[in-house]
Amino acid sequence: MRDSNSYVDREKQRSALRMAFLIFSFSLFLNFTISCSEAHEHIAKAVNPEDSVAMMTSKGVNTLISDSGVIKYRIVTERWDVNMAKNPSRWEFMKGIFFEQFDEQFHVQAYIQADTAWYYDKERLWHLRGRVNIRNNNGLVYTSEELFWDGLKHEFYSTVFSRVVTNERTMEGSYFRSDEQMNHYLVTNSKGSFLASDMDGSDDDTAADQMPDSLQPEPYVRPAATKRPVSRY
């Protein structure tokens, strides 16, 4: 009789354990189902175009630039980023840039160097920053901290302090404008050293033309704008 009671007790315990396990399993399943139904998809914010990375990056670049099939420049740079996602689209030269400028016979006419540069392809506008230096084959040396190079108007211009050194004179001013060959240029708000002949004149008109505040070796005439596309090799 005692053994029979013990057997009944064990069966009751097993039934209770099975029931507890079933209840626990059902609770886990119910919690899992509820959590899945309330799950939210985690999506990162869209990347803005101005935050986009460069579409193309080239390192150790030494390439030629042509204009209407004629080679005009050589570009040497440590890093060249082309980003067409930004507005306006641009080329970026954050590691510095060096130009050689050629004439139609492929003779070097000038050297251009800057610490940083941006080129806006739609406007054909170069923005040079940092230690900007230009030397042409006439012995002219130009230095500044900022210079713009307009490829449509074919001219350089700057509204910050600039220094122009030639074999005859040294000029400094806060406004500079020149043609691409640096043969005809204008410096205003200037100061510097000049030859005595620059300041001598037989009449008032001659003296006024040679005042250092607007000195220019030859009359500067803005060249006509062209819309010839630039291609890169």
Side-chain angles (χ1 to χ4, degrees), residues 61-62 64-65 67 71-78 80 90-120 123-195 197-199 209-226 230:
V61 177
N62 186 339
L64 299 174
I65 302 293
D67 190 343
I71 295 176
K72 291 295 186 70
Y73 313 104
R74 180 193 303 276
I75 291 180
V76 180
T77 183
E78 182 179 341
W80 181 350
R90 68 199 66 181
W91 302 349
E92 299 177 348
F93 303 85
M94 309 309 292
K95 298 290 187 178
I97 192 170
F98 175 80
F99 293 92
E100 283 184 336
Q101 190 179 49
F102 304 109
D103 63 10
E104 294 182 356
Q105 286 73 40
F106 205 61
H107 298 146
V108 177
Q109 296 296 298
Y111 301 97
I112 305 172
Q113 186 175 12
D115 289 340
T116 309
W118 297 265
Y119 177 70
Y120 301 94
E123 295 83 2
R124 293 183 62 181
L125 179 66
W126 284 94
H127 183 189
L128 309 176
R129 289 289 302 271
R131 292 169 293 181
V132 181
N133 295 277
I134 299 178
R135 296 174 180 267
N136 68 6
N137 57 1
N138 293 327
L140 179 143
V141 178
Y142 170 87
T143 56
S144 180
E145 290 296 317
E146 182 177 53
L147 183 68
F148 292 90
W149 180 1
D150 193 324
L152 293 177
K153 298 177 180 178
H154 298 284
E155 63 180 12
F156 295 104
Y157 63 90
S158 177
T159 56
V160 302
F161 177 81
S162 301
R163 180 183 176 90
V164 179
V165 179
T166 67
N167 296 328
E168 295 79 21
R169 59 181 63 87
T170 298
M171 299 183 62
E172 298 175 348
S174 59
Y175 179 83
F176 174 82
R177 189 177 292 272
S178 168
D179 62 358
E180 286 183 330
Q181 291 72 39
M182 288 282 188
N183 292 327
H184 311 290
Y185 56 88
L186 171 69
V187 180
T188 62
N189 300 324
S190 60
K191 62 180 181 179
S193 60
F194 311 91
L195 295 177
S197 60
D198 292 333
M199 304 304 295
D209 291 340
Q210 295 176 343
M211 289 296 289
D213 190 53
S214 59
L215 182 64
Q216 49 184 344
E218 299 180 35
Y220 175 78
V221 179
R222 175 177 293 178
T226 61
V230 172

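What you see is a predicted model, and the numbers here were worked out from it, not measured in a lab.
Here the side chains of F102 and K72 are not in contact, with every heavy-atom distance at 4.5 Å or above. At least one side-chain heavy atom of I71 sits under 4.5 Å from a side-chain heavy atom of F106. You'll find the side chain of I75 reaches within 4.5 Å of the side chain of I97, heavy atoms only. Residues F99 and V76 fail the side-chain proximity criterion, which asks for heavy atoms closer than 4.5 Å. Between V187 and Y185, the closest side-chain pair of non-hydrogen atoms falls below 4.5 Å. Between T170 and R163, some side-chain heavy-atom pair lies under the 4.5 Å cut-off.
Remark: R129 pairs with no residue by the side chain to side chain donor-acceptor pair (under 3.5 Å) rule, at least two apart or across chains. Scored by the side chain to side chain donor-acceptor pair (under 3.5 Å) test, E100 finds R74 as partners (sequence neighbours excluded). Under the side-chain contact (heavy atoms from CB on, under 4.5 Å) criterion, N138 pairs with N136, N183, not counting sequence neighbours. The ring pair (Phe, Tyr, Trp, His ring centres under 6.0 Å) check on F93 picks up W80, W126, with sequence neighbours excluded. With sequence neighbours left out, the ring pair (Phe, Tyr, Trp, His ring centres under 6.0 Å) criterion links Y73 to W149. Not counting sequence neighbours, the partners of S174 by the side chain to side chain donor-acceptor pair (under 3.5 Å) test are N189. Residues satisfying the side-chain contact (heavy atoms from CB on, under 4.5 Å) criterion with Q113, sequence neighbours excluded, are F98.
For the residue pair E180 and E155, the shortest heavy atom distance occurs at CG-N, 3.9 Å. In plain terms, the two heavy atoms of V108 and N137 that are nearest each other are O-ND2, 4.2 Å.
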Would you mind writing out the side-chain donor-acceptor pairs for residues 140-147 within the sub-3.5 Å range, not counting sequence neighbours?
residue : atom : partner : partner atom : Å
Y142    : OH   : S162    : OG           : 2.8
S144    : OG   : E146    : N            : 3.3
S144    : OG   : E146    : O            : 3.2
S144    : OG   : F161    : O            : 3.0
E146    : OE2  : H127    : NE2          : 2.8

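Pairs engaging residues 103-112 under the salt bridge (charged side-chain N to carboxylate O under 4.0 Å, His left out) rule: none recorded [sequence neighbours left out].
A distance of 8.0 Å separates CZ in R177 from CG in L186, rounded to the nearest 0.5 Å. Atom CG of D150 is separated from atom CZ of R124 by 9.0 Å, given to the nearest 0.5 angstrom. Rounded to the nearest 0.5 Å, atoms CG (L128) and CD1 (I112) are 7.0 Å apart. Here Y111 contributes atom OH and R135 contributes atom CZ; the two are 10.5 Å apart, rounded to the nearest 0.5 Å.
No donor-acceptor distance shorter than 3.5 angstrom exists from the side chain of D115 to the backbone of G96, with no hydrogens or angles considered.
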